[in-house]
2 protein chains.
Amino acid sequence: MGTAERKEREKLHRKEEIIDAAEKVFFDKGLAMATMDEIAERAELSKGTLYLYYKSKEDLYMAVICRGHQILLKMFQQAAATGEPTIKLLQNIGEAYFAFYKRHHDYFRMFSFSENSQLQSQVSEEMRMTCAESGQCIGGVVQAVIQQGKEDGTYRPEVSPLEMSFVLWAHCRGVMELIDHIKSVPSDGIKRACSEVDFDKLYRKSTAMLVYAMLTEEARKNFKLEL
Amino acid sequence: MGTAERKEREKLHRKEEIIDAAEKVFFDKGLAMATMDEIAERAELSKGTLYLYYKSKEDLYMAVICRGHQILLKMFQQAAATGEPTIKLLQNIGEAYFAFYKRHHDYFRMFSFSENSQLQSQVSEEMRMTCAESGQCIGGVVQAVIQQGKEDGTYRPEVSPLEMSFVLWAHCRGVMELIDHIKSVPSDGIKRACSEVDFDKLYRKSTAMLVYAMLTEEARKNFKLEL
DNA sequence: GTATTAACTGACTGACGGTCAGTCAGTCGT
DNA sequence: ACGACTGACTGACCGTCAGTCAGTTAATAC
């Protein structure tokens, strides 16, 4: 009898429906201003039911983050699987990350927010692990591309793929967060000073600076670094 | 009669005392878990009184951040005023930022948290401006050092001091936030993979990569970039 | 048709941010 | 010295919200 299997499927489906609802509310209000009552209403369930599927508001928040991770992972995988030379692949990944920031702005902001250790301590061990795993998959893609480039002589032999994947990841994030902050805080002082700055170009330039430092002398000859 | 002046002084002093108390609680609990009742108790005042001095919990949080900005600003100014060559000055600033992260870890975390736009929208216009200003002073120090290095031929003429100060700032922050996240999230999976990584060195290396890209050909001859 | 199980509900609880009518110490004018 | 006044301070109170749980409903098993 397939009753148990069907029940299992329905349960997973319900979990997804709750994330659908939670996502909208969190995007709109952020963690602090979102209420479980509103999420329940949007999901057409009672508040109590939400707690049958997720342990806490924070767990639900992290579940939405996991969905975001899946989206970003797919974008990274596509960017890394075009068959182009490795130096182009890393560029593609950088572009993919920037595209993610622009197209999935709300997820990006949730990512930033979730790094907060106070939040992490509110999340169940289980959910934290699930989320950490999906996050590591993303880093793995970057690491693999760097490894590949090291092997084919694009990057210096002393480059550590793990370390450089950390650095590139942290750098891109840091720059995008800064851009986001400057754009969203309506301080005239800063806005005026930055009126000349082309943030899209700045992101590309800054990432290229790091990549340039990783290149072998040979590869640098074919790489034009613009500042 | 100096009564009014004395009252004014006492009022400022009281504001500082409240920050003293708030700081301890926010360091310990973070914004969400901290309660105004606990801050009031620590400050030996009633909750109502806190609201005579600060408009909201979020405003008080930002007031603590401003204090942190002052500390970091002083560290940057000292790092930039040793009279050493400009390339060393930028290195000093990078070191100062890292020292701040290590010595004033709690402030650093609050800085990260405060970039969140949902928080910003809860803060009064006035406090937001005050805090943005103190933040811009810090960036100004970096910008001035880059400008100086550009003039003395250390950095390429096409380098934009404003842009590069953004990039360096965002980069260092991004890397430190990542380090902090890896260290604080007790995920065995990540910990094992990173057992070999020397994060202090990684920070220095990654920052040097950016600086290297900014150097003129001449300056690169005297700069050893280790990966 | 009845018993059992599982999904779901929503009223309730405790905690917390923020308010405001009222208290009281210190100051001023006479 | 004394009453009037000011403003710093208080804490009981309000509305809101995360999380709980006794009870209802619907589906399945026998």
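Within every chain, numbering begins at 1; the chains are lettered A, B, ... in the order of the sequence lines, protein sequences first and strands thereafter.
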Would you kindly give the [atom1]-to-[atom2] distance between [X] and [N], to the nearest whole Å?
X        : N       : atom1 : atom2 : answer
Met36(B) : dT10(D) : CE    : P     : 14 Å
Glu44(A) : dG10(C) : CD    : C1'   : 17 Å
Tyr54(A) : dT20(D) : OH    : P     : 17 Å
Leu52(A) : dT5(C)  : CG    : C1'   : 14 Å
Leu50(B) : dG11(D) : CG    : P     : 12 Å
Glu41(B) : dC16(C) : CD    : P     : 12 Å
Glu10(A) : dA26(D) : CD    : P     : 16 Å
Phe26(A) : dA18(D) : CZ    : P     : 9 Å

Under 4.0 angstrom between [X] side-chain N/O and [N] OP1 or OP2:
X        : N       : result
Lys57(B) : dG17(C) : yes
Tyr53(A) : dA7(C)  : no
Lys47(B) : dG17(C) : no
Tyr51(A) : dC21(D) : no
Ser46(A) : dT9(C)  : yes

| field | Among Tyr97(B), Phe27(B), Phe26(B), the one residue meeting ring-ring contact (aromatic ring centres under 6.0 Å, His included) with Tyr107(B) | value |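 Only one of Tyr97(B), Phe27(B), Phe26(B) forms a ring-ring contact (aromatic ring centres under 6.0 Å, His included) with Tyr107(B), namely Phe27(B).
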
| task | Anything under 30° is parallel, anything over 60° is perpendicular, the rest tilted; go ahead and classify Tyr203(A) against Phe98(A). | result | parallel

| Quick one: do Arg173(A) and Glu177(B) make a salt bridge, cutoff under 4.0 Å? |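 Looking at Arg173(A) and Glu177(B), the cut-off is not met.
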
Using a 4.0 Å heavy-atom cut-off across all strands, classify [X] as base, sugar-phosphate, or nothing.
X        : answer
Ala34(B) : sugar-phosphate
Leu45(B) : sugar-phosphate
Ala40(B) : nothing

| said: Starting the side chain at C-beta, find the nucleotide from dT9(C), dA18(D), dG18(C) nearest to Ser56(B). | reply: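 In terms of side-chain proximity for Ser56(B), the closest of dT9(C), dA18(D), dG18(C) is dG18(C).
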
| Per Thr35(A) side chain, nearest of listed nucleotides dA18(D), dC8(C), dC16(C) | dA18(D)

| message | Tell me whether the count of non-hydrogen atoms from other residues, nucleotides or ligands lying under 6.0 Å of CD in Glu41(A) goes above 12. | response | no

| query | Does a sphere of radius 6.0 Å around CD in Glu10(B) hold more than 12 heavy atoms from other residues, nucleotides or ligands, not counting ones at 6.0 Å or beyond? | reply |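 Enclosed.
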
